[in-house]
There are 2 protein chains.
Amino acid sequence: MARSASAMRGQILESALRLFAVHGFRGTSLQDIASDVGCSKASLLYHFAGKEKIFTELLTPAQDALAALLDRVAGLEGGRLVEETVVGYVDLTLRFRREIRLLFEDIAEMSCHQDLNVIELADRLLDALAGRSQHPPARVAAWMVLGGVFITGATDDEVAPDEVLRAEMIRSALRTLDHTPS
Amino acid sequence: MARSASAMRGQILESALRLFAVHGFRGTSLQDIASDVGCSKASLLYHFAGKEKIFTELLTPAQDALAALLDRVAGLEGGRLVEETVVGYVDLTLRFRREIRLLFEDIAEMSCHQDLNVIELADRLLDALAGRSQHPPARVAAWMVLGGVFITGATDDEVAPDEVLRAEMIRSALRTLDHTPS
DNA sequence: ACCATAACTGTCCGATCGGTCAGAACTGAC
DNA sequence: GTCAGTTCTGACCGATCGGACAGTTATGGT
């Protein structure tokens, strides 16, 4: 064996990213990664100071890219600011799709392993939000609302009193869905 | 001791919800919950068949409420369908805010424990998306976009080819932010 | 061929966790 | 007071995990 150090590190990160994205961080043991790579658990700890260091190294590129984007738009304002930020942010989430996914698969695994069948409910909710349409624009917008409301409602950032928060979430969601409220 | 069974179950669920929402499901041990309740770990397992059963029982009301909402809007269509779904969904996320939060705190804890400082970056991103505005409507919309893009980009639901997905995410986000693209 | 160094591994350890079980403590009905 | 049934607990178990460490194997420069 004894591959080059950098190649080995790359293989470890690749396996870790794939396994984390399927079973989550805590749901993946060092032994799992070692087996996937084809080396011993001790070898992982020779190349990385600990399990968390692997995790950190996986997310650092995404973090750096986000920081770079924010620096890039720091000087802008008004329409240009918003547009560039949105486009850059969307591109980042697509580029680092797997890295983001690994953050959620911990949840996904938990929510499915038991009799909770959130998948089916999420699907029905998506259908309703899309107005039963199957067209990609409507589906994408429905996903945006599903995720946006979910996260915004759960945030502890006291952005506004609950009544205002509720009203603005509804208005924003309807805008997202391109739906002029009656 | 020997409280009434139902009162005990209530206390356990209350403590579990609070602890799960702070340290996450896997980050909270049965001993943690027992200490918080003021009983033994074995006592928890007398009232609940296992750790997952506690988790399930915590999320079941939210799941039932969502199912009820979907049944309620099942017969609607067009504008009424979308509006009622959005309002109902927003209300649900606010009502079950703590339950949703417990799903995420596993992530939050992970993302902060190391040198990754996602919080500061998320704050800067929020500012940019809101066009540096501090007004609640702009802030809420920025949160909706931040969460919506994050989740939509990470979903494995093949809703559209990547180019279409990207374009529609950008269009949706700009609509959410009430920003007419140039 | 030799050897210093890098790469790698088998084995062990302490800690933690979810869960079991026999029995103690408490309760209310009689 | 007695007793059956409910509630509760300390002690223990097996499994798993992240990590430490001494020792082995491969590598590349000389």
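The structure presented is a predicted model; accordingly, all values stated were derived computationally and were not measured. Each chain gets a letter, A, B and so on, in the order its sequence line appears, and its residues count up from 1.
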* Whole Å only: how far is the CD1 atom of A/Ile33 from the C1' atom of D/dC17? -> 12 Å
* Nearest-angstrom distance from the residue atom CG of A/Leu44 to P of D/dA20 -> 13 Å
* **Euclidean distance, atom CG of residue B/Leu45 to atom P of D/dC12 [Å, nearest integer]** => 18 Å
* Asked: Atom CG of A/Leu17 and atom CZ of A/Phe55: how far apart are they, to the nearest 0.5 Å?
  -> 11.0 Å
* To do: Considering just the side-chain nitrogens and oxygens of A/Ser43, establish if one lies under 4.0 Å of OP1 or OP2 belonging to C/dT9.
  => yes
Distances for protein N or O near nucleotides 11-17 of chain C N or O, under 3.5 Å:
none

* Structure fact -> Rounded to whole Å, CZ of B/Phe48 lies from P of C/dT20 at a distance of 16 Å
* Asked: Salt bridge between B/Arg95 and A/Asp162, side-chain N to carboxylate O under 4.0 Å?
  -> no
* Expressed in angstrom and rounded to an integer, what is the separation of A/Phe55 atom CZ from D/dG18 atom C1'? -> 16 Å
* Once you round it to whole Å, what is the distance between C1' of C/dC8 and CD1 of A/Ile12? -> 11 Å
* **A/His47 vs C/dA6: side-chain N/O to OP1/OP2 distance below 4.0 Å** => no
* Any donor-acceptor pair under 3.5 Å from B/Arg132 side chain to A/Glu77 backbone -> no
* Asked: Rounded to whole angstrom units, what separation is found between the CE atom of B/Met8 and the P atom of D/dT6?
  -> 17 Å
* Is any side-chain N of the basic residue among B/Arg175 and B/Glu168 closer than 4.0 Å to the acidic one's carboxylate O? -> no
* To do: Specify the separation, in whole Å, of atom OH of B/Tyr46 and atom C1' of D/dA11.
  => 20 Å
* **Salt bridge flag under 4.0 Å for residues B/Glu14 and B/Arg98** => yes
* Would a line drawn from the ring center of B/Phe150 to the ring center of A/Phe150 be shorter than 6.0 Å? -> no
